[in-house]
Amino acid sequence: MMAYLGRRLGQAALLLVVVSMIGFAILHLAPGGPMAQYAMGSNMSQEDLDRIAAQLGLDRPLPVQYAEWFWRMLGGNWGTSYRGGQPVLHVIGSHLGATLELMLTATLIAVVLGCWIGILGAIRRYSVFDYLATIGAMVALSIPTFWFGLVAIFIFSVELGWMPAGNRQTIGDGSLLDMLHHLIMPALVLALVETAIWSRFMRSSMLDVVNQDYIRTARAKGLPEWRVLSDHAFRNALLPMITVAGLQLPTLLGGALVTETVFTWPGMGRLFLDSIEYRDYPVVMGILMFSASLVLIGNLLADMLYAVADPRIRLG
């Protein structure tokens with residue numbers, strides 16, 4: 001286990017270096033560059049721009065800039081925001097809570113609904129419910145998340161007035177009920193695609209399990225069907241879902257970016273797009289590295305949990 005963990009951590013560290021190099025190069029070689037925001041000022045002379053570039057270290061060769069940035073990042077200094085002058089870690093931390101709140105709520109909804117739909121679809125294979133669940137999953141996976149968000153805002157906010165159209169809370173309120181009221185619609189929209197994915201994987205896993213010999217043996221012993229499904233089929237069908245949970249992190253982060261933009265949710269996704277618009281490259285790189293680290297850690301934990309849950313798996 002320790003040897004496997006060491007290899008995976010080494011691979012993750014190497015991958016993070018590659019991600020940081022590609023991201024840093026793309027951002028700094030893109031049209032405009034980090035100085036584009038300063039150059040938009042009408043009172044900025046070329047001497048002023050040169051002075052700012054020297055202060056920010058942008059007048060040095062790109063490999064030197066990357067090496068200095070990477071070394072500072074390893075020391076815990078992720079840079080300073082061009083827009084607000086605050087440390088990047090502080091900026092990310094101030095938005096992290098909102099994103100985790102949205103992602104965890106959406107994940108909980110997706111896991112509960114997706115597993116229930118998948119199990120019921122496997123038990124009632126080729127039934128009307130199974131066909132409707134399959135069609136619904138295909139529709140949810142085919143239509144972009146932002147479209148569902150806009151339709152939800154139009155129906156439940158504009159037409160019916162049941163839900164707020166955006167933001168995390170009402171200005172001047174901030175109560176728990178008010179925050180939950182604002183959370184419902186973006187969480188459901190973000191959970192929609194995840195529910196479709198979980199339901200399809202759960203249905204496939206459940207169908208594989210219910211055809212195994214030990215399930216037929218349990219039924220032959222006279223166990224009630226609910227005991228067969230809950231104690232034998234469901235527990236074994238959940239094992240592959242551990243891997244699915246790790247693989248869904250990138251999808252969830254991407255969906256959170258779109259959902260936060262549509263609902264003006266003050267999380268990391270919205271911060272990422274705003275930082276790109278303002279050419280706030282230290283914040284963009286910070287979010288990129290934080291997200292990449294989160295995905296790699298999630299996949300590693302999923303592999304380890306799978307090995308713990310299934311004694312037949314040996315990580316060597």
Side-chain angles (χ1 to χ4, degrees), residues 81 83-84 86 88-117 136-137 139-199 245 248-278 280 283-284 286-288 290-291 294-295 298:
S81 171
R83 184 166 40 154
Q86 296 179 323
V88 170
L89 285 178
H90 176 76
V91 176
I92 293 177
S94 63
H95 292 77
L96 180 60
T99 295
L100 290 179
E101 176 186 331
L102 180 61
M103 289 177 57
L104 291 176
T105 305
T107 300
L108 179 62
I109 296 172
V111 170
V112 173
L113 278 180
C115 288
W116 178 77
I117 294 173
V139 171
L141 292 171
S142 302
I143 299 178
T145 303
F146 74 86
W147 188 87
F148 285 117
L150 294 176
V151 170
I153 291 174
F154 178 75
I155 295 176
F156 298 105
S157 298
V158 178
E159 294 294 324
L160 299 177
W162 292 353
M163 298 289 177
N167 294 318
R168 192 182 183 190
Q169 62 187 44
T170 302
I171 298 177
D173 191 339
S175 63
L176 179 60
L177 287 178
D178 179 69
M179 295 180 69
L180 289 175
H181 195 210
H182 283 76
L183 176 63
I184 292 174
M185 197 155 61
L188 287 176
V189 169
L190 180 58
L192 189 61
V193 175
E194 296 298 315
T195 300
I197 295 174
W198 276 86
S199 67
Q248 287 309 303
L249 267 177
T251 304
L252 194 60
L253 286 170
L257 187 149
V258 176
T259 306
E260 289 177 5
T261 303
V262 172
F263 291 96
T264 61
W265 189 265
M268 288 177 55
R270 182 67 185 272
L271 174 65
F272 183 76
L273 291 181
D274 288 345
S275 299
I276 291 178
E277 181 180 356
Y278 283 93
D280 197 351
V283 175
V284 174
I287 296 176
L288 177 64
F290 185 87
S291 302
L294 187 64
V295 170

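What you are looking at is a predicted structure, and each value in this text was computed from that prediction instead of being measured.
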Please step through side-chain contact (heavy atoms from CB on, under 4.5 Å) for the pair Thr170 and His182, ending with a clear verdict. CA-CA 8 Å; Thr170 302; His182 283 76; 3.0 Å; yes

Correct closest heavy-atom pair for Gly286 and Val88 would be CA-CG1, 4.1 Å

- [ ] Find out whether Ser157 and Met185 are in side-chain contact, i.e. whether some heavy atom of one side chain is under 4.5 Å from a heavy atom of the other.
- [x] yes

Those residues at least two apart in sequence (or on a different chain) that pass ring-ring contact (aromatic ring centres under 6.0 Å, His included) with Trp147 are none

Distance col, row Leu89:CG vs Leu96:CG, nearest 0.5 angstrom, shows 11.0 Å

The reported gap from CG in Leu150 to CD1 in Ile155 (rounded to nearest 0.5 angstrom) is 11.0 Å

Value for CZ (Phe263) from CG (Leu102), rounded to nearest 0.5 Å, stands at 9.5 Å

Output for pair (Thr261 OG1, Phe272 CZ), nearest 0.5 Å, gives 10.5 Å

Donor-acceptor pairs are to be reported for all side-chain atoms of residues 188-196 against protein atoms at under 3.5 Å, with residues two or more places apart or in another chain.
from, atom 1, to, atom 2, distance (Å)
Thr195, OG1, Ala191, O, 2.7

Applying side chain to side chain donor-acceptor pair (under 3.5 Å) to Ser142 and not counting sequence neighbours gives none

Check: residues 158-169 side-chain donor-acceptor pairs under 3.5 Å, at least two apart:
from, atom 1, to, atom 2, distance (Å)
Asn167, OD1, Thr264, OG1, 3.2
Arg168, NE, Glu101, OE1, 3.1
Arg168, NH2, Glu101, OE1, 2.5

Distance col, row Leu257:CG vs Leu253:CG, nearest 0.5 angstrom, shows 9.0 Å

Ile143 and Phe148 have their tightest heavy-atom pair at O-CE1, 3.5 Å

Residues passing the salt bridge (Lys or Arg N to Asp or Glu O under 4.0 Å) test with Asp178, sequence neighbours excluded, are none

Shortest non-hydrogen pair, Ile92 vs Leu271, comes out as CA-CD2, 4.4 Å

In this structure, CH2 of Trp265 is separated from OG1 of Thr259 (nearest 0.5 Å) by 11.0 Å

side-chain contact (heavy atoms from CB on, under 4.5 Å) filter on Ser81, not counting sequence neighbours, yields Arg83, Val91, Asp280, Val283

